[in-house]
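These values consider heavy atoms only, across backbone and side chains, with no hydrogens, waters or symmetry-generated copies.
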Amino acid sequence: MKIVWLDLNSSYAHSSLALPAIHAQLSDDNSIEWDIVSATVNENPGMIAGEIYRRRPDIIAATCWLFNHEMLLHVLSRAKALLPDCCITLGGPEFLGENQSFLNRNPFVDCVFRGEGEEVVAQWLKCWNIPAEWKNIAGLCYLDRADGTYHDNGIARVLDFDRLVPPETSRFFNWSKPFVQLETTRGCFNTCAFCVSGGEKPVRTLPIDTIRERIQMIHRHGIRNIRVLDRTFNYNSRHAKALLDLFLEFPDIRFHLEIHPALLSDELKAELARIPQGLLHLEAGIQSLREEVLTTSRRMGKLSDALEGLKYLCSLDNMETHADLIAGLPLYKLEEIFEDVRTLASYRTGEIQLESLKLLPGTEMRRRADELGIKYSPFPPYEVLETEAITPDELQTAHLLSRLLDGFYNTPVWQDITRRLIVEQPDFLHRFLAHLIALGVADQPMSQERRGVILYEFCKQSYPTYETAATLAWIEAGMSLKKQPAARIRTKHVTPPDNWNVVYGSYHERLRLCLLPATENEKLNYWFGFETESQQPRPVFKATSCEI
């Protein structure tokens, strides 16, 4: 029996755990020949199907998710036409809901798995060519080819999660990426109606010794970034503390965690405060700062506790905390989104990620869409189009606001001045977004330099008291001193003053010294020293002096 796994990703920077997770449970079975065809959604579907055809598999398997769904079907339909006797089976989050309509629309797919596949795929492979025996495979959904009867075997769960063979032991585990994913807990205690893990019970956890062995293996392969896939890292404070103690054993690895700020115990706060700089990167689940929105979305945890926890996390200098908002949640209004962005910026959140709600298969919110007054696209990525609280035009505005945040607030070189403007000027977000739309760049990719010029010109025109701040951000980013944002800077015949306050670096005569003179709005002179005359040097010295 030969299996070809179609590993279709959005880019080569991403890699799915599905194949190594399943193969690891079957790697000792010599009756199975495994092969893989890797591709991205941007490639030619005919070329990918041709590559599968050359392998002549008995079974084609793949994981289907939001962003590979359409291309996956194009490839598989071609592969089935070339190999009519092969069996095509799929799994993944796209099949957590109702699957009969999918199978009716795509008759070239023989069956799909709902749920966790490590155990049930192994069972299915023993009878893959005997459909009469499929009725006993948990999670399997398929159509009887004789009479078209639909069979739905529920959802598959791996209860003995700690007994699975780790995916890192599979020869298909991809060690070429700059980061790997690690699952230490499966399931989620929370009940979020918009999340595919909202009903994923029970929560199952690996022993700390097992996690240590897996991190040691990852470390031996030279990987220095681990994204922990646990839905809520701190659902259990004792387990979270044990993990933090374990992470301290690997000071040269950076761990990315999803954390629920409402569940921060005093003990866990103390543990986080002592973590070395750079060891952790936190994603704080917020979604909305509106109690009624969170209640309708069945998000557990009090909002007041979440805000207090987020403030604490953002106050820690030893780690960066990102927070997310979701436009399109029931009852969530556009103006509230703008206000919540300002609140998160005032907390000094490392990044603000504003996403549009997607009604994913298998989620409670998708089942209750009519009841909640939500209209959404029936095709991937199933984005919300309208709710009773937000119009289609307002959702587009929220999308453009997200692009603004990514381009300016979430970009380190422009973050400080963007944060100041958001927090100190209540109308900044609205006015700057309107400015970007008028320029026709709100939804367009822009270089760092282009963004800096636009921000500077906007400040000069609309918020002149921030013009110097925009110039300072430009200089600190290492942008050209010959461009407009640096027009005021002096580069010739500049000598140090009698006294200055050094901000960073050490001055010596070999440095190229530049001066940004004081203005009516800014009473300080700013001095910068550069080591090189290169096109975009970053300053190595900075000082201030009083206006002369």
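- Taking each heavy atom of Ala138 and Val120 in turn, the nearest pair found is O-CG1, 3.4 Å.
- Under a 4.0 Å N-O distance rule, the pair Arg204/Asp162 does not qualify as a salt bridge.
- The side chain to side chain contact (heavy atoms under 4.5 Å, CB included) with Ile286 is formed by just one residue from the set Asp324, Thr349, Leu294; it is Asp324.
- The nearest pair of heavy atoms linking Thr185 to His239 is OG1-NE2, 3.7 Å.
- Taking the side chain as every heavy atom from C-beta outward, Ser402 and Leu325 never approach each other to under 4.5 Å.
- Between Arg274 and Asp245 there is a salt bridge, since a side-chain N of the basic residue sits under 4.0 Å from a carboxylate O of the acidic one.
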Begin from the C-alpha positions of Leu404 and Tyr409 and carry the test side-chain contact (heavy atoms from CB on, under 4.5 Å) through to its verdict.
CA-CA 7 Å; Leu404 183 160; Tyr409 187 93; 5.9 Å; no

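- A distance-only check finds a donor-acceptor pair linking the side chain of Glu43 to the backbone of Thr40 [under 3.5 Å].
- For the pair Asn99 (side chain) and Cys141 (backbone), a donor-acceptor distance under 3.5 Å is absent.
- Using a 4.5 Å heavy-atom threshold, the side chains of Val121 and Gln25 count as separate.
- For Glu98 (side chain) and Ser101 (main-chain N/O), a donor-acceptor pair under 3.5 Å exists by modelled atom type.
- In this pair, His221 and Trp175 present their aromatic rings parallel. The plane angle is below 30°, not in the 30 to 60° band.
- Between Glu383 and Leu385, the closest side-chain pair of non-hydrogen atoms falls below 4.5 Å.
- Counting heavy-atom neighbours within 6.0 Å of Asp370 CG, excluding the residue itself, gives a total of 12 or less.
- Taking 4.5 Å as the limit, every side-chain heavy atom of Lys333 sits out of range of all side-chain heavy atoms of Glu394.
- Using a 4.5 Å heavy-atom threshold, the side chains of His69 and Tyr382 count as touching.
- Judged by the 6.0 Å and 45° rule, Arg56 forms a cation-pi pair with Tyr53.
- Note on Arg212 versus Asp209: salt bridge recorded, some NZ/NE/NH1/NH2 to OD/OE distance being below 4.0 Å.
- Counted within 6.0 Å of CD on Glu291, heavy atoms from surrounding residues, nucleotides or ligands total more than 12; the atom is thus considered enclosed.
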Carefully, step by step, assess Lys269 and Glu308 under the rule salt bridge (charged side-chain N to carboxylate O under 4.0 Å, His left out).
CA-CA 11 Å; Lys269 287 181 180 178; Glu308 179 186 347; 3.6 Å; yes

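- More than 12 heavy atoms of other residues, nucleotides or ligands shown are found within 6.0 angstrom of CE on Met1.
- Within the 4.5 Å cutoff, no side-chain heavy atoms of Phe102 are placed close to those of Pro361.
- Side-chain N or O atoms of Asn106 include none that pairs as donor or acceptor with a backbone N or O of Val109 at under 3.5 Å.
- By the 30° and 60° cut-offs, the orientation of the rings of His281 relative to His256 is tilted.
- Note on Arg298 versus Glu364: salt bridge recorded, some NZ/NE/NH1/NH2 to OD/OE distance being below 4.0 Å.
- Panel note: side chain Asn234, backbone Ile259; no donor-acceptor pair is recorded below 3.5 Å.
- Residues Ala79 and Ile60 share a closest heavy-atom pair of CB-CD1, 3.8 Å.
- You'll find the ring centres of Trp134 and His151 outside the 6.0 Å limit.
- We find that Lys80 and Asp110 are joined by a salt bridge, their nearest charged nitrogen and carboxylate oxygen being less than 4.0 Å apart.
- With hydrogens and angles disregarded, no donor-acceptor distance shorter than 3.5 Å links the side chain of Thr363 to the backbone of Leu359.
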Apply salt bridge (charged side-chain N to carboxylate O under 4.0 Å, His left out) to Glu51 and Arg54, showing your working.
CA-CA 5 Å; Glu51 193 63 33; Arg54 283 187 283 276; 2.8 Å; yes

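- Remark: the backbone N or O of Asp406 is paired with a side-chain donor or acceptor of Thr411 at under 3.5 angstrom.
- For CZ of Arg171, the number of neighbouring non-hydrogen atoms (other residues, nucleotides, ligands) closer than 6.0 Å is greater than 12.
- Side chains of Tyr142 and Lys135 form a contact here, defined as non-hydrogen atoms less than 4.5 Å apart.
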